[in-house]
Amino acid sequence: MITIVKDKHMQLFLGTKNMKNIAMLLLLSFSFRSMAAEPSKGEVETRKIMAGLYSSLIALLPLSMNTKEFNDPKNREKILSELEKMRDSANSFVAHTKRFDGSYGYIAKSMATDIRDIHGWFKKGAASESRYLLQQVADNCVGCHMKLPDPGHAPRMDGFFQNASVAQLSIPDKVRLQVALRQFDDALVTWEEMFKTWPNPSELFAMDTLPEYLKVVIRVKGDTSRALKTLEALSKRTDLPKYMDREVTAWKVSLVKLMGEMLKMGAELSRAEKVIKDARGQMDFPMDRAGFVDFVVASGLLNRHLLDKKNRADDIARSYYLLGITESLIGRSTWLSQTDYYFEAAIRAAPKSNSAKKAFNALEQQIIMQNSGSAGMNIPDDIQENLEELRKMVRR
Ligand code: HEC
């Protein structure tokens, strides 16, 4: 069976237990082929830049985890030269991401700014600021890597995780690094172990680990049955608080219902729209996370839809608008919010479309809320100018 399809994306799904039907397999292989066969020139370039980034990161991180080592003058030259390499790679990545999905460009830019700051701090001798920020860089890597299916191409790096400093990391920090370095299978194992053994389940809720796990297992690995198994095991914990039990139960129902959606190809946009509509109908209150799994599935479909270069402008705008909505419901509020970005991208993709109008309303309201407090409203000039430009585009 494995030999039917040579496509690298396809192999990802062969491992899952959901694929029983050979006709479905052939259908999938046909549609996947148009998405990715041999790595394109762009992909080769992405991987080259990534290789540079991660080799510097894995040289720097163990040093950064040990204050003495990081401050030691004998390491200064090495740290500076790795930071310079990272800065250059991040800059060329910004130029490179201009060629594909815009939300990558957004994260790439944020990462390039972070790395420039880290280099700047370190050069000035502010090692502790630099060290702190360096450990945050991984969040950018995670932000991109959690979006799309894993082509199963990342290098193994067992040695890195055995390094004495790295081995001392807390479980949540370790899993974050595993995702940053695309060791997805290892990350899933770490998470699953954590769900079994973490003493206080409320903390799992507070740390947002379950949602992150679900994004990787569903969106990146496409393995809904594994997600279901994990949630079933979690349900059996007798110390699970009531509010978590309610969520986990809802997520299990969604997984069973949506199992086929990630595997099916075609009509991603309209399917995503339907999944979102149904899930919103089921929310009891605005912050209700009962529909979390549905929104992850929908955003996975939308990310995939945006890879197709033949999309009409209106459909691109609609996809971004819907991604803005899903992101506002599943994103990590504390971190690099992509919601504003998605709404803006919807407007710029097709300013005259209905989606652009809806996206503008959502964006304006969000910006006002983000910049208001008991002292009134204080929107920074550059944000206000950008908003006015978008307003004109939508109205013109
Ligand atoms: C702007 C989005 C983005 C950011 C930020 C990003 N990556 Fe990636 N990365 C990708 C994409 C897309 C791929 C998949 C390339 C492929 O296999 O086609 C990838 C692949 C990789 C790979 C596998 C390369 C291979 O040969 O298969 C590694 C390792 C990697 N990234 C490390 C990192 C590290 C470390 C960081 C942070 C310092 C990072 N990436 C930041 C988008 C990003």
Side-chain angles (χ1 to χ4, degrees), residues 7-12 32 35-64 82-119 130 133-161 166 173-187 215-216 219-221 300 303-304 306-307 323 327 332 335-336 338 341-342 345:
D7 187 290
K8 62 180 177 145
H9 278 275
M10 195 51 225
Q11 284 160 10
L12 180 74
F32 261 118
M35 263 175 72
E38 282 301 298
S40 65
K41 244 172 94 187
E43 277 172 329
V44 172
E45 180 66 18
T46 306
R47 289 176 187 175
K48 214 175 99 199
I49 299 172
M50 288 295 139
L53 274 175
Y54 88 81
S55 77
S56 297
L57 193 66
I58 62 178
L60 287 168
L61 278 178
L63 282 173
S64 80
E82 292 296 346
L83 284 175
E84 269 153 33
K85 275 196 252 167
M86 263 188 111
R87 186 195 55 192
D88 296 345
S89 302
N91 286 338
S92 47
F93 198 40
V94 171
H96 175 60
T97 48
K98 287 210 179 92
R99 304 190 320 137
F100 57 117
D101 170 29
S103 63
Y104 280 149
Y106 170 81
I107 304 179
K109 253 191 237 153
S110 142
M111 180 169 78
T113 314
D114 286 355
I115 296 175
R116 207 178 318 133
D117 288 350
I118 295 168
H119 178 259
S130 157
L133 279 176
L134 185 61
Q135 293 178 13
Q136 304 299 311
V137 162
D139 278 353
N140 295 286
C141 324
V142 171
C144 279
H145 294 165
M146 284 210 315
K147 277 180 196 285
L148 285 168
D150 173 18
H153 187 272
R156 298 281 317 158
M157 36 187 91
D158 298 334
F160 172 73
F161 286 95
V166 180
D173 286 345
K174 179 177 167 194
V175 82
R176 196 172 58 120
L177 264 188
Q178 284 173 325
V179 178
L181 298 170
R182 295 177 77 89
Q183 309 297 297
F184 296 117
D185 296 323
D186 295 342
K215 284 187 200 172
V216 171
R219 215 157 56 181
V220 179
K221 298 304 287 186
N303 280 323
R304 218 158 69 185
L306 282 170
L307 283 181
L323 272 173
E327 188 63 23
R332 281 170 59 181
W335 172 79
L336 192 80
Q338 291 177 57
Y341 164 78
Y342 284 133

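Note that ligands are numbered from 1 as they come in the structure, with each ligand's atoms numbered from 1 the same way. Position 1 is the first residue of the sequence, and the numbers go up from there.
Here is the list of ligand 1 atoms found below 4.0 Å of a heavy atom in Ala154: 23 (C), 27 (O). The ligand atoms of ligand 1 that sit less than 4.0 angstrom from a heavy atom of Cys144 are 1 (C), 2 (C), 3 (C), 4 (C), 5 (C), 42 (C), 43 (C). The Pro151 neighbourhood of ligand 1 comprises atoms 17 (O), with distances under 4.0 Å to a heavy atom of that residue. Near Leu57, meaning under 4.0 Å from any of its heavy atoms, are these atoms of ligand 1: 35 (C).
Put simply, CG on Asp139 and CG on Asp114 are 9.0 Å apart, with the number rounded to the nearest 0.5 Å.
At a threshold of 4.5 Å between non-hydrogen side-chain atoms, the residues Val220 and His145 do not count as touching. Between Leu83 and Leu60, some side-chain heavy-atom pair lies under the 4.5 Å cut-off.
Between Arg47, Met111, Lys48, it is Arg47 that holds the heavy atom closest to atom 18 (O) of ligand 1. With atom 14 (C) of ligand 1 as the reference point, the heavy atom nearest to it among Gln183, Arg182, Glu43, His145 is part of Arg182.
Atom 8 (Fe) of ligand 1 has an N, O or S atom of Met50 under 2.8 Å away, backbone or side chain.
Residues Glu82 and Lys85 are paired through a salt bridge, judged by an N-O separation under 4.0 Å between the basic side chain and the carboxylate. Between Asp185 and Arg156, none of the side-chain N atoms (NZ, or NE/NH1/NH2) sits under 4.0 Å from a carboxylate O, so this pair counts as no salt bridge.
For Ser64, the side-chain hydrogen bond (donor to acceptor under 3.5 Å, both in side chains) partners are Gln135, not counting sequence neighbours.
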